[in-house]
2 protein chains.
Amino acid sequence: MTGQVRTVDGRVAGRRGQATRQKLLDCLSEMLSSSPYRDVKVIDVARKAGTSPATFYQYFPDVEGAVLEIAEQMAAEGAELTGLVQGRSWVGKAGWQTAQELVDGFLEFWRKNDAILRVVDLGAAEGDKRFYKLRMKILNSVNNSLSDAVAELQSKGKVDKDVNPAAVAGALVAMLAAVASHQKGFQTWGVKQAELKPNLALLVHLGITGKKPTK
Amino acid sequence: MTGQVRTVDGRVAGRRGQATRQKLLDCLSEMLSSSPYRDVKVIDVARKAGTSPATFYQYFPDVEGAVLEIAEQMAAEGAELTGLVQGRSWVGKAGWQTAQELVDGFLEFWRKNDAILRVVDLGAAEGDKRFYKLRMKILNSVNNSLSDAVAELQSKGKVDKDVNPAAVAGALVAMLAAVASHQKGFQTWGVKQAELKPNLALLVHLGITGKKPTK
DNA sequence: ACTTGTCCTGTCATGCCGTCAGCTTACCGA
DNA sequence: TCGGTAAGCTGACGGCATGACAGGACAAGT
C-alpha cells in the first residue's frame with residue numbers, strides 16, 4: 001500500500017530517517033496515553049524522542065497527521081479481530097462460546113490501544129472523514145461478520161424478518177467499543193471487570209440470535 | 001448549590017459580569033460544534049463574544065473549566081431523561097413502547113448536545129475525574145432506572161439470577177450513547193436513521209427482559 | 001578525497017497563552 | 001451632588017508552540 005515513506009517536502013526517507021520517524025510515532029503514542037490529547041505538544045514529543053520540533057515537521061504536517069499514521073498501523077493489526085467472528089457458530093453452546101470470545105478479544109484489543117482509539121473516536125465523532133474511515137476500517141471486520149451472522153440466521157427463519165442485520169451489528173459493535181473505552185467507569189459503578197464480560201457476552205448473544213444462550 | 005457566581009480572583013459577579021460570562025459560554029459552545037476541540041482557542045472565543053482573552057480568564061481558569069461549566073448546565077437539563085424510564089412497564093406491548101420511547105428520547109438528547117457530550121466523553125475516557133463524574137451524573141438517571149427494572153424482573157424470576165443488573169444497564173446505556181455519537185457513521189454503513197431506532201429498541205428490550213418484544 | 005543525497009538542527013517570524021496593572025463603569029450612601 | 005468603592009474590562013508583556021528555511025553533519029558510493 002505505502003510504496004515509500006516520504007517526508008513532507010517530498011524526499012524519500014532512508015533507513016535512518018524511517019527510524020527517527022518511527023521513534024517520533026512511538027513517543028507520540030506514549031504521550032497520548034499519559035496526557036490529554038488537547039495538551040500534547042509537538043515540542044514535548046520531539047524532546048522525548050531526543051530530537052527537535054523541526055524534525056517532527058519534516059515527517060508530519062501536524063500532530064493530527066502523526067496520529068492518523070499511528071492509527072493506520074493499528075488498523076492493520078486490527079485485522080486480527082476478524083478471526084473472532086468469521087466462520088464461527090452461533091448455535092447452542094458453541095454460540096455462547098463465540099460470544100464470550102468475541103467480547104474478550106474485543107476488550108483486550110481496545111485496552112491495548114485505548115489512547116489512540118480515543119482520539120480516533122473523537123475525530124470520527126467530530127465529523128473528520130479520515131478518522132471516520134479509519135474507525136470503519138477497524139470495526140468493519142467485526143461488524144460485517146456479525147451482520148452476516150444475523151442475516152444467515154434470518155434466512156433460516158431463526159430471526160425475525162424486520163430485523164436489520166447491519167443496524168444490530170453496528171449497535172453491538174458500538175456498545176463493545178464504548179464499554180471498552182469506559183471500563184473504569186463501570187468499576188466505580190460497582191461492576192467488576194470479571195462480571196462485566198459475561199453480561200456483555202449475553203447481550204451480544206441476545207442481539208445476534210434473539211435467544212438466551214445455552215451455557 | 002452555587003450560592004454566588006465568582007470570578008477567578010474572587011470577586012462576586014454582578015448583572016453585567018454574569019451576562020458576559022454567559023456570552024462567553026455560549027460562544028464557546030457554538031465554537032465546539034463547528035471546529036475540533038483541539039483547535040478551539042481562547043482568543044477566538046473571546047473575539048466571537050466581542051471581548052478580550054483577558055476577560056475570559058477572569059471567569060474561567062482555562063478552556064476546560066468553561067467546558068465543565070457548560071456540561072454542568074447540560075447535566076441539569078439531562079435530568080429530563082429520567083422520565084423516559086422511571087416507573088414504566090417492561091411487560092407486553094407497554095414494554096415495547098417503553099423501549100422505543102427511551103431510544104427516541106436518548107438519541108434526541110444526545111443529538112441536541114452532541115458537541116459538548118463529545119468532549120465530556122473524551123475527558124471521561126482520558127480518566128479525568130471531573131468529566132467522568134459529570135458523565136455519570138448525566139447517565140445515572142437512566143442507568144439506575146434500567147438497573148432497577150432488571151432487578152425487579154429478576155426478583156420475579158423472569159430474568160436469570162446470574163445477570164448483573166448494573167452491568168447490563170450500563171452496557172445498554174453505553175450503547176445508546178455510542179450510537180448517538182456516531183449516528184452519521186451508520187448512514188454510510190447503509191443504515192438509515194429511521195431503521196436504526198427500532199433495532200436499538202429491540203436490543204434494549206432484549207437486554208432488559210431477555211425476551212423479544214410483543215409488538 | 002570527493003560527490004551526492006539524506007538527515008538533522010539553529011534560527012526566525014508569527015501567533016496564542018496566561019497574567020498584571022491600571023483604566024473605566026456602575027452602584028451606593030452621605 | 002459628590003466622592004468612595006467594588007465590578008468590569010483591556011493593553012501590553014514575557015513565555016512558549018508553531019511552522020518554514022537554509023545550511024551543516026553524516027553515510028554511501030566512486
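It should be emphasised that the depicted structure is a prediction, and the values quoted were computed from it without experimental measurement. A, B, ... follow the sequence lines: proteins, then strands. Residue 1 opens every chain.
In this entry the distance linking CG of B:Asp39 with P of D:dT18 reads 11 Å, nearest Å. Straight-line distance from the CD atom of B:Gln18 to the C1' atom of D:dC9: 17 Å, rounded to whole Å. The distance from atom CZ of A:Phe56 to atom C1' of D:dA20 is 15 Å, rounded to the nearest whole Å. Look at NZ on A:Lys41: it is 13 Å from P on C:dC16, rounded to the nearest Å. Here the P atom of nucleotide D:dA20 and the CD1 atom of A:Ile43 are 16 Å apart, to the nearest Å. Look at NZ on A:Lys23: it is 11 Å from P on C:dC8, rounded to the nearest Å. The distance between atom CZ of A:Arg21 and atom P of C:dC8, rounded to the nearest whole Å, is 12 Å. D:dG8 atom P lies 10 Å from atom CG of B:Asp9, rounded to whole Å.
Two residues are said to be in side-chain contact when any heavy atoms from C-beta on lie closer than 4.5 Å; B:Phe60 and B:Val42 fail this criterion. Under the 4.5 Å side-chain criterion, counting only non-hydrogen atoms from C-beta, A:Val163 is in contact with B:Asn199.
B:Tyr59 comes within contact range of the sugar-phosphate backbone alone, with a heavy-atom separation under 4.0 Å but no base atom that close. Looking at heavy-atom distances under 4.0 Å, A:Thr20 makes contact with sugar-phosphate atoms alone, never a base.
The listed nucleotides are C:dT9, C:dC16, D:dC9; the one nearest the side chain of A:Gln58 is C:dT9. With D:dA17, C:dC16, D:dC9 as the choices, the nucleotide that has an atom nearest any side-chain atom of B:Arg16 turns out to be D:dC9.
A salt bridge between B:Arg21 and B:Glu69 is present, with a side-chain N of the basic residue lying under 4.0 Å from a carboxylate O of the acidic one.
Mapping A:Gly50 and A:Arg38 onto DNA chain C via the closest heavy atom, the residue that lands nearer the 5' end is A:Gly50.
In this structure, the side chain of B:Arg88 engages the main chain of B:Gly83 through a donor-acceptor pair within 3.5 Å. B:Gln183 places no side-chain N or O within donor-acceptor distance of the main-chain N or O of B:Gln193, the cut-off being under 3.5 Å. Side-chain atoms of B:Arg118 come within 3.5 Å of backbone atoms of A:Ala125 as a donor-acceptor pair (strictly under, hydrogens ignored).
Residue A:Asn113 holds its CG atom at 12.0 Å from CG of A:Leu32, rounded to the nearest 0.5 Å. Remark: B:Ile116 CD1 to B:Gln73 CD distance equals 9.5 Å, nearest 0.5 Å.
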Using a cutoff of under 3.5 Å, can you pull out all pairs of nitrogen or oxygen atoms linking the protein to nucleotides 4-6 of chain D, with atom names and distances?
none

Report each atom pair, protein N/O against N/O of nucleotides 18-20 of chain C, whose distance is under 3.5 angstrom.
from: C:dG18; atom 1: OP2; to: B:Tyr57; atom 2: OH; distance (Å): 2.4

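Within the 4.0 Å cut-off from OP1 or OP2 of D:dC9, not a single side-chain nitrogen or oxygen of B:Thr51 is found.
Between B:His205 and B:Trp90, the two ring planes are tilted [angle within 30° to 60°].
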